[in-house]
There are 2 protein chains.
Amino acid sequence: MQQVTPGVSLTAQVTDMLRAAITSGEMTPGEHYSAIGLAERLGVSRTPVREALQLLEKEGIVRIEKNRGVRVLQISLDEIVQIFQIRILLEPPAAARAAEMVTKHELAHFRELHGRILDAAAADDGPGTLQADKEFHLFLMGLAGNPRLTALDGELRNLVLAQGLVTIPSIRSSQDLADDRRGILDALERQDPLAASAAVREHVTRTARLLISGVCAKTPGLSSDAYLAKLDQLTKLRT
Amino acid sequence: MQQVTPGVSLTAQVTDMLRAAITSGEMTPGEHYSAIGLAERLGVSRTPVREALQLLEKEGIVRIEKNRGVRVLQISLDEIVQIFQIRILLEPPAAARAAEMVTKHELAHFRELHGRILDAAAADDGPGTLQADKEFHLFLMGLAGNPRLTALDGELRNLVLAQGLVTIPSIRSSQDLADDRRGILDALERQDPLAASAAVREHVTRTARLLISGVCAKTPGLSSDAYLAKLDQLTKLRT
DNA sequence: TCAGGATGAGTAGCATGCAACAGGTTACTC
DNA sequence: GAGTAACCTGTTGCATGCTACTCATCCTGA
């Protein structure tokens with residue numbers, strides 16, 4: 001965990017650093033930490049750490065336990081499903097709108113981002129792939145013209161990423177995800193809202209399925225069927 | 001603004017009290033306040049107030065300006081539209097799921113809540129109506145079995161309520177909203193997901209239209225057409 | 001041996017002190 | 001009189017002291 005740089009709000013810096021520490025696995029879910037200890041590790045006082053922890057608690061990443069310390073939340077499979085249920089509600093319509101609105105210039109940027117994902121993946125650069133993927137999604141959501149939606153969705157994605165569950169189970173799955181993105185890009189190029197929506201939905205659903213199966217495989221006695229079924233619970237209707 | 005009660009976390013209490021003060025119009029959007037002043041009014045020290053303000057800032061209700069104080073954010077019409085765009089994505093599917101899942105017991109509770117809304121409205125009890133309406137919505141969303149979705153949607157609703165824009169423009173509109181709720185209740189009674197979804201969508205859309213028209217009417221030179229059109233932008237497609 | 005209470009270590013929650021900073025006002029210089 | 005610099009007021013940001021609380025351990029007494 002690095003040290004702080006003066007000039008910027010400490011609370012904000014500490015929030016980011018703690019979030020990064022959790023995402024990177026430096027702080028592990030389920031573990032207990034104390035604000036005092038974290039403050040010492042970061043070389044700041046307890047106050048900004050405490051405030052950062054409260055913000056992270058509001059995000060749902062940690063839980064503050066009175067007089068006991070703070071616990072990095074182990075997100076449950078149930079919650080993963082909840083998050084993806086929401087993402088499946090939000091992202092496909094946003095992608096459809098994006099496909100309607102996208103300009104030539106923005107398409108070029110999409111191609112570049114897509115290239116960066118492929119390059120990073122080819123170079124086996126996990127964090128790089130993740131970062132490029134993040135930017136791809138953010139840019140896509142941004143085109144829907146609803147900044148609040150973009151921010152919201154980004155937070156939901158962060159929540160899952162914070163778990164360090166991002167280890168793609170297999171080459172095959174990784175290839176599938178890449179194909180999905182290709183499909184999204186194609187739909188955007190054709191400015192086809194329905195196709196974009198479907199492609200994004202497919203992509204998000206696949207990501208969710210991979211995560212769910214992965215967690216279930218690691219946890220004996222846990223069947224993925226119920227969770228997989230729940231995924232489409234809110235979206236199975238054509239309302 | 002009432003005083004605090006011991007035993008519960010001050011920060012949490014202060015957060016709620018400030019939110020309530022904003023919603024009730026006691027603190028007005030656009031106005032400047034200081035943490036010191038608020039702390040004195042509430043009879044607590046600056047720390048819990050400061051922490052509460054940071055949480056409210058994360059919710060998007062206020063902005064903390066360094067060394068200048070805090071400003072209750074005047075939400076723009078654009079942002080109102082954004083919020084309702086999201087709500088229209090989230091609430092109808094949740095209502096559909098709720099209609100599938102609702103039990104007799106829960107239906108009875110719905111009827112009671114609905115009755116409370118009507119009673120409060122008949123008694124011209126604005127805050128009471130609001131509170132009952134809030135509970136009605138929360139309970140409805142809760143039935144969808146996705147607590148995170150419920151919380152998220154509640155926050156979006158709060159954001160609009162925080163503006164004190166809740167003055168229903170006319171008796172007629174108020175009657176329309178009541179009819180909407182009746183429709184939602186009916187759909188639930190029939191356990192008809194499609195009808196519930198449509199009713200909720202109608203209700204949310206109507207609320208949004210009322211707000212948009214209201215704000216435009218109060219702001220000379222502002223046409224509501226563009227904003228109204230944007231409302232359905234993300235949902236016009238059957239994806 | 002075991003139950004139960006005392007105790008101590010560690011924690012968060014809150015109050016408060018202090019410094020840095022922004023903005024407006026005043027006073028001073030030219 | 002105009003422009004600028006000093007200052008004064010009010011504010012947040014952060015550090016730190018103190019209190020109340022939780023939990024685990026140990027000690028006591030039967």
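By convention in this document, chain letters (A, B, ...) are assigned in the order of the sequence lines, proteins followed by strands, and residues within each chain are numbered from 1. Side chains included, hydrogens not; waters and symmetry mates left out as well; all remaining heavy atoms used.
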Visitor: Can you find a heavy atom in the side chain of B:K58 that is under 4.5 Å from one in the side chain of B:L55?
Guide: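 A side-chain contact under 4.5 Å is absent here.
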Visitor: Can a side chain N or O of B:T11 be found less than 4.0 Å away from OP1 or OP2 on C:dC14?
Guide: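 Yes, such a contact exists.
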Visitor: Report, as a single string ordered 5' to 3', how protein heavy atoms within less than 4.0 Å touch nucleotides 18-24 of chain C: B base, S sugar-phosphate only, - not at all.
Guide: B-BBSS-
Visitor: Would you say that B:V62 contacts B:Y33 through its side chain, given a criterion of any heavy-atom pair below 4.5 Å between the two side chains?
Guide: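 Result no, sub-4.5 Å side-chain heavy-atom pair not found.
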Visitor: Kindly say if B:S45 contacts the phosphate of C:dA15, meaning a side-chain N or O under 4.0 Å from OP1 or OP2.
Guide: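 Checking B:S45 against C:dA15: at least one side-chain N or O falls below 4.0 Å of OP1 or OP2.
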Visitor: Checking contacts here: which listed nucleotide (D:dC14, C:dC14, C:dA15) is nearest the side-chain heavy atoms of B:S9?
Guide: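 Out of D:dC14, C:dC14, C:dA15, the nucleotide with an atom closest to B:S9's side chain is C:dC14.
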Visitor: Do A:Q85 and B:R148 have side chains that get closer than 4.5 Å, going by heavy atoms?
Guide: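 Contact flag for A:Q85/B:R148 side chains = no.
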Visitor: Nearest whole angstrom, please: distance from the P of D:dA24 to the NE2 of A:H32.
Guide: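 In whole Å, D:dA24 P and A:H32 NE2 are 10 Å from each other.
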Visitor: If you measure from the Lys or Arg side-chain nitrogens to the Asp or Glu carboxylate oxygens, is any gap between A:D119 and A:R116 under 4.0 Å?
Guide: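 Judged by the 4.0 Å cut-off on N to carboxylate O distance, A:D119 and A:R116 do not form a salt bridge.
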Visitor: Hey, does B:L77 have a side-chain heavy atom less than 4.5 Å from the side chain of B:C216?
Guide: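 A side-chain contact under 4.5 Å exists here.
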Visitor: Out of C:dC14, D:dT12, C:dA12, which has the shortest distance to the side chain of A:I64?
Guide: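 So the nucleotide nearest the side chain must be C:dA12.
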Visitor: In whole Å, I'd like the distance from the CG atom of B:L53 to the P atom of C:dC14.
Guide: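 Rounding to the nearest Å, CG of B:L53 and P of C:dC14 are 14 Å apart.
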Visitor: Distance check, rounded to the nearest 0.5 Å: A:I64 atom CD1 versus A:L53 atom CG?
Guide: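 Taking CD1 in A:I64 and CG in A:L53, the distance rounds to 5.5 Å.
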Visitor: Could you state the CD-P distance from A:E51 to D:dT16, rounded to the nearest angstrom?
Guide: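 For the pair A:E51 CD and D:dT16 P, the rounded distance is 15 Å.
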Visitor: Regarding B:S34, tell me which of base, sugar-phosphate or nothing describes its non-hydrogen contacts under 4.0 Å with the strands shown.
Guide: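 Counting heavy atoms under 4.0 Å across all strands, the contact made by B:S34 is with sugar-phosphate only.
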Visitor: What's the CZ-P distance between A:R63 and C:dA12, to the nearest Å?
Guide: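 Going from A:R63 (CZ) to C:dA12 (P), I get 15 Å.
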Visitor: Classify B:I36 by what it touches in the nucleic acid, base, sugar-phosphate, or nothing, heavy-atom distance under 4.0 Å.
Guide: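 Base contact.
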